[in-house]
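Note sheet for the following structure.
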Amino acid sequence: MLRMLPRPSLRVAAVLLSANLFTSVSVSPARANDSAAELDAGGLVLVKDRDIGLVREDLRIGLERITVRYVFRNRSASPRTVRVAFPLPPIDGAELSFSAQDLPDESSANFVGFTVAVDGIPLTPQLEERAFLGDREVGDLLRKHAIPLNPMRRDDLAKALANLSRPARAELVAAKLIPEAAEMGEGLWRSEAKFHWDQTFPPGRDLVVEHVYRPVNGSLLIGESDLKDQAFRARYCLDDAGAAGLRRIIAAAGAKPVDAGGGPNAVVRAVVVPYIVTTARNWAGTIGTFALTVDKGHPKTLVSLCRNGLVKTGPTTFAFTATDFVPDADLRVLYVSPDAEALGIR
């Protein structure tokens, strides 16, 4: 099932962005097997510097792509060089190896396809990968046996485990990094990774940093019982109008024959796109202008998130703009559609 995290109190109301007409989607009621938790990622993290301000941030959230454009300004009279990082979502192998979660690109250490450019010029940042079992760092042991540090790189992990000698497997089992049973091809460690680079901010002018990546979305099935769960509704700021919209979609699914996913236990598919905004507040002062665009991808897709002031700007886009903005809560955008492909489910 989708993991439910404690959620801070928000002084914002629900926004339900949807088309007027929906058709149902047939899905299995085996909900625990079809759900996957979203993995949180967000924006850039700077070493705190009192002279570097964030003049503007443009954030665009879609199902398969997140783009962020920052305009920084060094307010001092001299160049400032600071470390900038983009943390990747941590990967807990014990929790995720046999989950329904998939990474956007399991073949690469850069599994979200992160790219960055400074003043329009592509930059190649360093990638630091580490692995832990509890508090114990185990990256060197994994590298010794040519094991990928990300336990969700399933194919690469399976090939590496298949090539282990008996003494090597015994060493990894003794370290509690893999199960004793050879047929259990899972990694039990946690990986943590980040891109980073030293960035020089010239004095007295703006510097534009843009980055793009693919989010690690969560997936879940929503049924009538979820709409009665206040914690679930609070997580996505589903007010009565939002719940009514979802209830209509669930009712349409329930009207189908039971063997086609209908009946009283009918559920509908949803995807959650996360974005962390509260942990990267290391610039000086507030954000001069913060502009958020949410793209639902398809006119019939329903979207709900916690943010007042969203206005429709196109058939699939909604926008929010604020000045002197202080990030007050991380974003979790709930997408619901009768069309699985519209949610990126293939």
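Residues I61 and L292 approach most closely at CD1-CD1, 4.0 Å, considering heavy atoms. C237 and L305 make their closest contact through CB-O, 4.1 Å (heavy atoms, listed as atom of the first residue, atom of the second, distance). Shortest non-hydrogen contact noted between N217 and Q101 is O-NE2, 3.2 Å. Of all non-hydrogen atoms in A253 and V268, the two that sit nearest each other are CB-CG1, 4.0 Å. When every heavy atom of F325 is checked against every heavy atom of T286, the shortest pair comes out as O-CB, 3.5 Å. Among all heavy-atom pairs drawn from L157 and G187, the shortest one is CD2-N, 3.7 Å.
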Are T317 and D295 close enough, and set up right, to give a side chain to side chain donor-acceptor pair (under 3.5 Å), and what steps lead you there?
-> CA-CA 4 Å; T317 56; D295 188 347; over 6 Å; no

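T200 and T81 share a side-chain donor-acceptor pair at under 3.5 Å. Donor-acceptor pairing under 3.5 Å is recorded for the side chains of H145 and E171. Counting only N and O atoms by type, the side chains of S76 and N74 include a donor and acceptor under 3.5 Å apart.
Taking the six-membered ring for Trp and the full ring otherwise, H196 and F86 have centroids separated by 6.0 Å or more. Between H211 and F195, the ring centre distance reaches or exceeds 6.0 Å. Separation of the Y213 and F114 ring centroids does not fall under the 6.0 Å cut-off.
Taking a cutoff of 4.0 Å between a charged side-chain nitrogen and a carboxylate oxygen, R214 and E64 do not qualify as a salt bridge. Using a 4.0 Å cut-off between charged side-chain N and carboxylate O, R153 and D155 make no salt bridge. Taking 4.0 Å as the cut-off between side-chain N and carboxylate O, R154 and E106 count as a salt-bridged pair. Salt bridge present: D198 and R83 bring a charged side-chain N and a carboxylate O closer than 4.0 Å. The pair R233-D240 counts as a salt bridge, with a side-chain nitrogen and a carboxylate oxygen less than 4.0 angstrom apart. Comment: E137 engages R130 in a salt bridge, judged by a side-chain N to carboxylate O separation of less than 4.0 angstrom. Ion pairing between D206 and R73 holds under the 4.0 Å rule for side-chain N and carboxylate O. Under the 4.0 Å criterion applied to side-chain N and carboxylate O atoms, E192 and K194 are not assigned as salt-bridge partners. With respect to the salt-bridge test (charged N to carboxylate O, under 4.0 angstrom), the residues R235 and D226 do not qualify.
Hydrophobic cluster membership is shared by Y236 and V336, with clusters built from Ile, Leu, Val, Met, Phe, Trp and Tyr side chains linked at under 4.5 angstrom.
Using a 4.5 Å cut-off on side-chain heavy atoms (C-beta onward), K176 and L133 make contact.
Aromatic ring orientation, F72 versus Y70: parallel (interplanar angle below 30°, classes split at 30° and 60°).
Annotation: cation-pi geometry satisfied between R307 and F320 (NZ/CZ under 6.0 angstrom from ring centroid, within 45° of ring axis).
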